[in-house]
Amino acid sequence: MMKKMEPSVSELLKQKNYKEAELAAKERIRANSLEAQNWVYLGEALMHQGYGSAATKAFYRAWLLDPEATWVVPVIDALKEIPAGDERVDIEGLLHVRKVTVSAGIITYNMESTIERCLDSLQGAVDEIILIDCSTDRTAEIASQYPNVTIVPFVWVDDFAAARNEGLRHMNSDWVFWMDADEHLVKEDVKAIREAAGLYHKTAIPAILCLWQINSIQNHIKHNFSQARLFPLGKGLKYWGRVHEQVGTQSGVYNLEAQRFKVKIRVLHDGYEPSVMKNKQKIERNLKLLYRMVQEEPDNPAAWFYLGRDLLGAGKELEAIEALLEAERRALSQPLFGRLLDVYKYLMEISYHRKEWEHALMYGAKALSHHPDFPDAHYMIAQIRMKQADQLYTEAEAGMRRAREAFHSFRHMVSPEHEIGEWKVDLALAEIAQRAGKPSTAKAIYKQTLKQHPRTAGLISKKLAAIDTERKRLNQQSE
C-alpha cells in the first residue's frame, strides 16, 4: 500500500490548519534554516494564531535571508493588527544564532567629510574596525578618536584588491564586513551583520554575502544587491582586480569553491552623485585601472564588462559597446561569470536610446534565454514594442491619407474602390486614433463621418458605443 502523502505547509495554511502548518514549518527550518520561505511559512502560521511578536521575528528572519522579498510591506502592515501573544521559547530557540566576531574593513583616501558618519554607524555592529588609509587629509586623525579603530597606513599601488588584501592581514575576527567611507549602515540593521554571519558560519562551502546598497543619485534611489561585502576569514578568501574588485578563493573568482547569498544589511551611499564623481575623478581613475586590467587579464569578462559600463558613464558610447560585446564573448568561456545579464541590459539600453529596435530586441532575447524571469528584459522588450506600435500607427495613418490623396492622380484601366476615398479612410483613421489611445479624436472623426455619410450609421454606432463603454470602465477604476 502506498504511503499517504502529507500535505505541504502551503496546503495546511490554505486549509487554515495553522497549528499543523506551524509544526511543519518548524521541521523545515530544522532541516534548512537558511531557506527564507520556511520562515515565511512559520510567520504566517504564528500570525494567524495570534502570536504577533513571534511571527514578526520569523518574518524578519525571512527578510534577512531574502532582502528582495515583495511580501514585506503588506505583511508588516498586517502584523500591526495582531496582538503580541504569549512568549514563544520554542521560536526563540529556532531563531538562535551562534555568536561570531566581525571586523569591519574600510579603505580611505581623503574622506574626512564622511568618515565620521561611516564610523558612527558601525558602532555596536562589529568588534573592530580596520582602516586601510592612503589619505593626506584629516581622515586618519578623525578615525583615531574611535577606540575600536586600527589605522593601517597603505601606499597606494593602483590596486583596490591589494589594499583590501592588506587589510585582511590585520584582522582578528571570524568574519569581515567591508564598508566604503562614503557609506553608512542603516541603524535598524546594526545587529544584522553578526546575525547574518552567524547564520552562514558553518556552511559546508564558504559563504560570501552581498549587502543591500541604497544609492542616492540626483534625488533618485537605486538599489544594488550585488555588492559582496561580508565573508568568513580563515577560509582562503581574498580579493581580485585592480578596481571593481571581486571576492574569490586562492584559485580565482570563477569557481564553485564559495557560494554567494544576498542578505538584508542596508547601507546608504551617496558616492555616485555626479558632483562627487567629478570632484573625486572616479571615472577617470576607474578607466585608467580598467584599461590595465583588460591588458593583464584579457580573458576576464568582468574586466571588459566594467570597462564598458564605465566608458558608458564617461559618454564614450561606441567604445562602451565594443567592450560590452567583448565581455559577452569572453563570458562564453567563463560560465560562472555572474554579470552577463548586466552586459545584455546595457546593450539593450544603448540600442534602445539609439532607436535600434532590432538590436535591442536581440539582446533582450539573449537575456531571457539566459534567465527567463529577468524583469528588465521583459520591460525593455515591452517598451520597444510600444515604440514600434507608435511607429506602425504613424505609418498606417500616413498610408491612409495617401490612399485618399491618390484618387486625384490615379488613372488606370482598373477602377479603384471609391468608398475608400469617400468614408473608409476616415473610419480607418478613427480606428487608428482609438487604438493609439486617442478616443476623443476617434469620436470626433466618427461623428463627422456619420454626418457626411449616414449610411455608415450601423457600423459607426458600434464604434461609438465601444468608446463610451471603455470610458465608463476607466472612470469606475479611478473612483
Side-chain angles (χ1 to χ4, degrees), residues 6-102 120-127 177 184-202 209 211-212 214 223 225 230 261-268:
E6 295 292 330
S8 67
V9 185
S10 59
E11 288 171 343
L12 290 169
L13 290 168
K14 289 177 183 178
Q15 296 166 8
K16 299 184 178 181
N17 193 343
Y18 299 125
K19 185 59 182 177
E20 290 299 318
E22 176 195 327
L23 295 173
K26 287 160 73 173
E27 284 300 313
R28 289 174 65 112
I29 289 170
R30 292 187 187 100
N32 184 2
S33 63
L34 298 178
E35 175 55 57
Q37 186 59 51
N38 295 340
W39 291 98
V40 173
Y41 286 144
L42 179 60
E44 188 173 349
L46 292 169
M47 182 173 67
H48 286 293
Q49 294 179 82
Y51 297 107
S53 179
T56 299
K57 293 176 181 179
F59 280 123
Y60 271 87
R61 175 60 57 81
W63 193 16
L64 175 69
L65 297 168
D66 183 14
E68 295 176 281
T70 57
W71 50 260
V72 175
V73 173
V75 166
I76 290 177
D77 286 342
L79 283 167
K80 295 174 183 178
E81 307 299 321
I82 307 297
D86 297 334
E87 183 179 358
R88 293 292 302 268
V89 178
D90 56 331
I91 303 302
E92 294 295 334
L94 285 176
L95 288 162
H96 177 73
V97 177
R98 71 177 70 245
K99 290 185 178 180
V100 296
T101 55
V102 181
D120 284 345
S121 75
L122 285 169
Q123 300 306 306
V126 297
D127 299 277
F177 175 71
H184 55 286
L185 183 66
V186 171
K187 185 178 181 180
E188 291 79 7
D189 292 348
V190 164
K191 295 181 179 179
I193 295 175
R194 289 195 183 95
E195 184 179 353
L199 283 168
Y200 284 96
H201 190 60
K202 288 296 184 180
L209 306 183
L211 56 69
W212 177 353
I214 303 171
H223 301 274
F225 295 90
L230 181 61
F261 303 93
K262 299 175 182 179
V263 290
K264 186 189 73 67
I265 299 173
R266 294 167 293 181
V267 297
L268 302 173

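Reckoned from all heavy atoms, side chains included, excluding hydrogens, waters and symmetry mates.
The heavy-atom pair separating Thr56 from Gly52 by the smallest distance is OG1-O, 2.8 Å. Among all heavy-atom pairs drawn from Ala196 and Leu230, the shortest one is CB-CD2, 4.2 Å. Minimum heavy-atom separation, Ala21 to Leu13: CB-CD2, 3.7 Å. Across all their heavy atoms, Ile193 and Ala125 have their closest contact at CD1-CB, 3.9 Å. Of all heavy-atom pairs between Ala62 and Trp71, the closest is CB-CZ2, 3.7 Å. Nearest heavy atoms, Pro74 versus Thr70: CD-O, 4.1 Å.
Classification of Lys14 and Glu11 as a salt-bridged pair fails, no side-chain N sitting under 4.0 Å from a carboxylate O. Under the 4.0 Å criterion applied to side-chain N and carboxylate O atoms, Glu92 and Arg88 are not assigned as salt-bridge partners. Ion pairing between Asp66 and Lys264 fails under the 4.0 Å rule for side-chain N and carboxylate O.
Side chain of Arg266 to main chain of Asp189: no donor-acceptor pair is present (N/O by atom type, distance under 3.5 Å, no hydrogens or angles). Within the 3.5 Å criterion, the main-chain N or O of Leu185 finds a donor-acceptor partner in the side chain of Ser121. Not one N or O on the side chain of Glu27 forms a donor-acceptor pair closer than 3.5 Å with the backbone of Leu23. Put simply, the side chain of Asn17 never gets that close to the backbone of Leu12: no donor and acceptor are under 3.5 Å apart.
With a 4.5 Å cut-off on side-chain heavy atoms, Lys202 and Arg98 count as touching. Contact annotation: the side chain of Arg30 approaches that of Leu94 to within less than 4.5 Å [non-hydrogen atoms, C-beta and beyond]. Counting heavy atoms from C-beta outward, Tyr60 and Ile76 have side chains that approach closer than 4.5 Å. In this structure, Val186 and Val267 have side chains that are not in contact, with every pair of non-hydrogen atoms separated by 4.5 Å or more. Residues Lys57 and Ile91 are not in side-chain contact: their nearest non-hydrogen atoms beyond the backbone lie 4.5 Å or more apart. Side-chain contact between Leu42 and Glu22: present, with at least one pair of heavy atoms (C-beta onward) separated by less than 4.5 Å.
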side-chain contact (heavy atoms from CB on, under 4.5 Å) assessment of Phe225 paired with Val263: CA-CA 8 Å; Phe225 295 90; Val263 290; over 6 Å; no
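Between the CZ atom of Phe177 and the CG atom of Leu209 there is a distance of 10.0 Å, given to the nearest 0.5 Å. Taking CG of Leu199 as the reference point, atom CG of Leu64 lies at 6.0 Å (rounded to 0.5 Å). Note that CG of Leu65 and CD of Glu195 are 8.0 Å apart. Values are rounded to the nearest 0.5 Å. Considering NZ of Lys19 and CG of Leu46, their distance stands at 8.0 Å, rounded to 0.5 Å. Separating the CH2 atom in Trp212 from the NZ atom in Lys262 is a distance of 11.5 Å, to the nearest 0.5 Å. A distance of 5.5 Å separates CE of Met47 from CD of Glu44, quoted to the nearest 0.5 Å.
For Lys187, the NZ atom is loosely surrounded, since the number of other residues' heavy atoms within 6.0 Å does not exceed 12.
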Tell me which donor-acceptor pairs under 3.5 Å the side chains of residues 34-41 have, and how far apart each pair is, sequence neighbours excluded?
| unit_1 | atom_1 | unit_2 | atom_2 | d |
| --- | --- | --- | --- | --- |
| Glu35 | OE2 | Gln37 | N | 3.3 |
| Asn38 | OD1 | Arg28 | NE | 2.7 |
| Asn38 | OD1 | Arg28 | NH2 | 3.2 |
| Asn38 | ND2 | Arg28 | O | 3.4 |
| Asn38 | ND2 | Asn32 | O | 3.1 |
| Trp39 | NE1 | Ser33 | O | 2.9 |

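For His184, there are no ring-ring contact (aromatic ring centres under 6.0 Å, His included) partners, not counting sequence neighbours.
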